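To start, the structure itself, in structure tokens.
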There are 2 protein chains.
Amino acid sequence: MSDRALHKRIRADISERIRSGAWPPGHKIPAEHELMVEYGCSRMTVNKALAPLAETGLIVRRRKAGSFVSRPRIHSVVLDIPDIAAEVTARGEPYGYELLSGRARTANARDVAELGLDRPVEVLALRCLHRASGRPFALEERLINLAAVPQARGVDFAKAAPGGWLLSHVPWTEAEHRISAANVPKATAAVLGVEPTAACLVLERQTWRGEDRITHVRLVFPGEAYDLVARFSPQGAPA
Amino acid sequence: MSDRALHKRIRADISERIRSGAWPPGHKIPAEHELMVEYGCSRMTVNKALAPLAETGLIVRRRKAGSFVSRPRIHSVVLDIPDIAAEVTARGEPYGYELLSGRARTANARDVAELGLDRPVEVLALRCLHRASGRPFALEERLINLAAVPQARGVDFAKAAPGGWLLSHVPWTEAEHRISAANVPKATAAVLGVEPTAACLVLERQTWRGEDRITHVRLVFPGEAYDLVARFSPQGAPA
DNA sequence: GGATTCTTATTGTATAGACATAATGAGCGC
DNA sequence: GCGCTCATTATGTCTATACAATAAGAATCC
């Protein structure tokens, strides 16, 4: 493991010392000049090692003052939002997809609110059911803004799930996810084959490109059948 | 915005073209030499711009072949795991904390499973209630491995919430989070002041340092009172 | 044709030097 | 002591150059 590039080794060394607690928050990190001597390299190399640590917030750098280990930073993790087909397949279960309903319509008040539109344009409203081993796995309720994605009009979503089609055909610049728990309406519970009182995990995603709203999707997972798992691996940690 | 460092501007330009779809997946990115001419800078500067893009997976670089926009990358987001006190205060509500119970004991079978221990050591089991404007906001069920964190024995968790104390006193190297929806036991529902049928959002976190298990915490949020929000901001995007 | 070798384009890494920028802390005037 | 100025120091950025590593593609040999 010591055959990697020097600047990466320096970075790994430092982040290791921080993560292990040897250098607590607030601790002063040796100056570039000192590290340069310690590792017997040029200042550019040291700088290349430290710059990303500063960018990701593990350390704070101040001119003249020096570099310091950050105060306990916001506790953030990377969460992989599942591609449902991949997720089901990864569990070794056969994946099934079914389009329950789908039609274009002028956005109603609720559509406008969910998509965050400023006026009621044409939208495509879809309801799809994803299955694992035949059993309902997730209900997808999706709105696609046809003003922003007119080419979605000609796609047959009975064959391909809209998530995958959108991902590969429509670029987006930003997305917001919302994760919550909810007791869902009776109709939804019936489709998912759970009791109306069962807790469901609701994942909502809204994407847009520039000012244009692209799509809004709500994925409802039946109760305790599904967990979102996020593993935190701090900057510079070996895989 | 064009007064930032050149290598950051180059990086922003490129990631913008990728995110906007102008450069689709698989598209060949101009060689370092070309970008060097385009921006009138040295190759080092171009390299400093591109290297982080490769590290975060937005692009793939191959010697002799060139640099290319990655195939639809894994759909991952950064999720800020809340510090409850900060979260409540940020909403403009007064924050309240209460220790419901706490005692040291030898780990029982369930403790062993939750902490992932290999033998039943001494643990500190805590139940705490977090309030917003007096109303229950979250129930915290926490186990602290006293074999790994002996100094926790002398702390009065009636005054300070264990999360904050651990964060600032005990370094950790890895964490795993699990987010799910659940119908909680009657006793839990009663403490939270919700119906036993109400869906609750359950956030579990387990942290460890090296091989040592540090703590396991389960935060139960009453139903739809709380959303986890994750905003995706691709590499190089302006804040 | 197919396997092997050679050439070369392209990225990876590092150096030494230069100037810019920001902020600390010392010195100075009052 | 207080406020101002200024030298100093550490980081921020960039250049020009060098050599290494890799793999694509061309040339060669059989």
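All of these numbers come straight from a predicted model, not from anything done at the bench. Each chain gets a letter, A, B and so on, in the order its sequence line appears, and its residues count up from 1.
Contact annotation: B:Ser67 side-chain N/O to C:dT11 OP1/OP2 distance is under 4.0 Å. The side chain of B:His7 contributes an N or O atom lying less than 4.0 Å from OP1 or OP2 of D:dC14. Between A:Asn47 and D:dG12 there is a side-chain N or O to OP1 or OP2 distance below 4.0 Å. Contact annotation: B:Arg61 side-chain N/O to C:dT10 OP1/OP2 distance is not under 4.0 Å. Checking the phosphate oxygens (OP1, OP2) of D:dT17, no side-chain nitrogen or oxygen of B:Ser42 falls inside 4.0 Å.
A:Arg43 contributes no side-chain N or O that forms a donor-acceptor pair with the base of C:dG17 under 3.5 Å. For C:dT21, the base has a donor-acceptor partner in the side chain of A:Arg63 [N/O atoms by modelled type, under 3.5 angstrom]. A:Arg62 contributes no side-chain N or O that forms a donor-acceptor pair with the base of C:dA23 under 3.5 Å.
Rounded to an integer number of Å, the gap from B:Met44 CE to D:dG12 C1' is 13 Å. The interatomic distance linking A:His33 (NE2) with D:dA10 (P) rounds to 8 Å, in whole Å. Spacing between atom NZ of B:Lys28 and atom C1' of C:dT11 amounts to 11 Å, rounded to whole angstrom units. One atom, CG of A:Leu53, and another, P of D:dG12, lie 12 Å apart when rounded to the nearest Å. Between the P atom of D:dC14 and the CG atom of B:Leu50 lies a distance of 13 Å, rounded to the nearest Å. The separation between B:Met36 atom CE and D:dT17 atom C1' is 11 Å, rounded to whole Å. When rounded to the nearest whole Å, the span between CD of A:Glu32 and C1' of C:dT15 equals 15 Å. For the pair B:Glu55 CD and C:dT13 C1', the interatomic distance rounds to 13 Å; values are reported in whole Å.
Nucleic acid contact class of A:Leu6 (heavy atoms, under 4.0 Å, all strands): sugar-phosphate only.
Ion pairing of B:Glu140 with B:Arg205 is absent here, as no side-chain N (NZ or NE/NH1/NH2) approaches a carboxylate O to less than 4.0 Å. Between B:Glu38 and B:Arg9 there is no salt bridge, since no side-chain nitrogen of the basic residue lies less than 4.0 Å from a carboxylate oxygen of the acidic one. Salt bridge B:Glu32/B:Arg61: present, at least one basic N to carboxylate O contact under 4.0 Å.
Separating the NE2 atom in A:His7 from the SG atom in A:Cys41 is a distance of 11.0 Å, to the nearest 0.5 Å.
Set against C:dT13, C:dT11, D:dG12, the side chain of A:Lys48 has C:dT13 as its closest nucleotide.
Residues satisfying the salt bridge (Lys or Arg N to Asp or Glu O under 4.0 Å) test with A:Arg131, not counting sequence neighbours, are A:Glu98.
Summary of the strand contacts: A:Lys64 and A:Gly40 both lie near DNA chain C, and taking for each the nucleotide with the nearest heavy atom, the more 5' one is attributed to A:Gly40.
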